[in-house]
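All ligand and atom numbering here is 1-based and tracks the order in the structure.
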Amino acid sequence: MIGFQVMRRDGAARRGQVSTARGIIETPAFMPVGTAATVKAMRPEEVASTGADIILANTYHLMLRPGAELVAQLGGLHRFMNWPRPILTDSGGYQVMSLAKLREIDERGVVFRSHLDGTRMELTPERSIEIQRLLGADITMAFDECTPFPATGDEARSSMELSMRWAARSKDAFEARSGAGLFGIVQGGVYPGLRAQSAAALVAIGFDGYAVGGLAVGEGQAAMFTVLDETVPALPADRPRYLMGVGKPADIVGAVLRGIDMFDCVLPTRSGRTAQAFTARGTVNLRNARHAADPRPLEAGCDCPACTQYGRAYLHHLVKANEILGAMLLTQHNLRYYGRLMRDLREAIASGRLADHAAGFAETEALGDIPPL
Ligand SMILES: [Zn+2]
């Protein structure tokens with residue numbers, strides 16, 4: 001069981017705290033993605049310095065390499081990767097669908113071949129929960145099938161119903177531990193009726209928190225917000241809500257306005273390795289020649305090492321020369337941007353001015369990057 005306290009509401013948005021055995025998560029929260037027991041290009045203390053209270057690790061990757069039993073033998077994931085704070089593990093369901101080869105899905109679970117070496121493996125709700133326990137997750141996710149997009153109403157229904165039967169098996173397999181929790185995942189594609197049924201089914205089973213899955217898969221922001229408008233009110237007000245795999249800064253702001261408390265996305269870290277930086281004035285591509293002789297900081301006022309110790313010209317040079325430091329600095333800047341984004345949202349909710357803050361955010365982002373020198 002994990003705690004969740006809502007300290008302040010502003011419209012549908014909440015300023016809260018999730019309490020786990022390994023510490024408090026200030027919400028709304030963004031979780032950097034540490035797929036293979038590392039947030040790529042970052043040391044754990046650097047990740048923490050960006051304002052992250054919790055990271056996400058991927059069950060599918062870690063079960064293939066190095067293996068959940070080995071991680072458990074070495075004292076669990078927190079010790080293995082030197083991250084003492086909370087960790088959320090996904091169920092492996094999404095990535096087995098997107099990465100593994102020769103998948104076969106039936107009532108029992110998914111049989112697949114590893115994308116690394118072709119080994120035949122099985123993932124069931126019971127095995128997914130066991131792996132997440134071996135890893136030592138503070139927040140465990142129920143095993144589900146991420147409904148593909150697009151899907152017909154019938155496809156989305158049968159996929160959602162399978163996920164709900166798997167959610168019940170996940171709950172049965174989960175061993176309650178003090179300060180650790182299990183989240184269920186709402187599915188149902190872009191169909192409001194299915195989303196409502198899925199939410200009701202999960203609430204009947206009873207979870208420590210509720211995630212909205214199957215979004216940001218190509219449906220577009222308007223459809224995503226519509227699903228949230230219809231789904232969030234069906235979730236318990238006293239439990240945290242997590243929008244999986246989202247996302248872009250504007251998506252996060254819109255989802256917080258609709259009552260979402262937690263997010264994860266590879267965007268800040270992946271972009272940091274492909275020369276794309278996030279700033280209050282939108283994204284900046286450091287590969288662009290306009291930065292070649294520009295000594296100004298990437299983002300004025302940012303307190304990260306990339307902005308306080310280097311100029312755009314140097315970052316541009318690192319990116320062009322494929323230097324590792326470029327990925328490290330830009331990843332740290334991007335995570336710091338996301339840390340600031342969430343901090344500012346929390347402060348705006350706490351002072352009852354979220355609507356104004358969201359309008360100001362959109363206005364500033366629309367300005368675009370500072371003009372060239
Ligand atoms: Zn910065």
Side-chain angles (χ1 to χ4, degrees), residues 26 28-34 38-56 83 85 246-253 256 263-348 357-358 360-373:
E26 305 287 349
F30 179 80
M31 301 182 275
V33 176
T38 166
V39 176
K40 291 187 198 305
M42 288 290 97
R43 289 181 300 132
E45 52 270 42
E46 292 171 331
V47 176
S49 77
T50 66
D53 293 328
I54 175 171
I55 61 166
L56 177 148
W83 174 265
R85 297 169 181 227
V246 173
K248 298 184 185 119
D251 292 346
I252 290 179
V253 173
V256 165
F263 301 87
D264 80 281
C265 191
V266 295
L267 205 52
T269 41
R270 182 173 291 167
S271 299
R273 303 192 302 278
T274 56
Q276 192 185 47
F278 290 87
T279 76
R281 296 179 55 144
T283 55
V284 176
N285 183 352
L286 266 310
R287 201 169 279 282
N288 196 309
R290 67 181 280 190
H291 308 298
D294 191 338
R296 295 175 298 176
L298 167 57
E299 182 166 29
C302 177
D303 57 3
C304 90
C307 295
T308 55
Q309 298 168 23
Y310 306 95
R312 289 180 173 216
Y314 183 62
L315 297 172
H316 169 80
H317 161 70
L318 291 177
V319 163
K320 292 290 283 186
N322 285 322
E323 286 292 340
I324 296 168
L325 184 60
M328 293 163 60
L329 289 172
L330 291 181
T331 300
Q332 191 162 1
H333 168 80
N334 285 346
L335 287 179
R336 182 63 189 131
Y337 167 86
Y338 271 68
R340 206 157 44 228
L341 173 74
M342 305 316 294
R343 181 202 64 195
D344 292 349
L345 286 166
R346 291 192 296 266
E347 288 178 2
H357 175 73
F361 165 87
E363 213 170 278
T364 307
E365 194 178 54
L367 290 173
D369 192 17
I370 52 173
L373 277 178

Judged by atom type as modelled, is there a donor-acceptor pair below 3.5 Å linking the side chain of His357 to the main-chain atoms of Ala348?
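Judged by distance alone, no pair lies under 3.5 Å.
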Ignoring hydrogens and geometry, is there a side-chain-to-backbone donor-acceptor pair from His333 to Cys307 under 3.5 Å?
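No, His333 side chain to Cys307 backbone: no donor-acceptor pair under 3.5 Å.
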List the atom pairs, with distances to 0.1 Å, where a side-chain N or O of residues 48-56 and a protein N or O form a donor-acceptor pair under 3.5 Å, not counting sequence neighbours.
| residue | atom | partner | partner atom | Å |
| --- | --- | --- | --- | --- |
| Ser49 | OG | Glu46 | O | 2.7 |
| Thr50 | OG1 | Val47 | O | 2.6 |
| Asp53 | OD2 | Glu26 | N | 2.9 |

Which residues pass the ring-ring contact (aromatic ring centres under 6.0 Å, His included) test with Tyr314, sequence neighbours left out?
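Tyr314 satisfies ring-ring contact (aromatic ring centres under 6.0 Å, His included) with Tyr310 only.
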Quick one: salt bridge (charged side-chain N to carboxylate O under 4.0 Å, His left out) pairs with a partner in residues 308-328, sequence neighbours left out?
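Residue pairs with at least one partner in residues 308-328: Arg312-Asp369.
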The Zn ion (ligand 1) neighbourhood, protein N/O/S only, threshold under 2.8 Å:
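The answer is Cys302 SG, Cys304 SG, Cys307 SG, His333 ND1.
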Using ring centroids (six-membered ring only for Trp), state whether Tyr338 and Phe30 fall under 6.0 Å.
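Yes; Tyr338 has its ring centre under 6.0 Å from that of Phe30.
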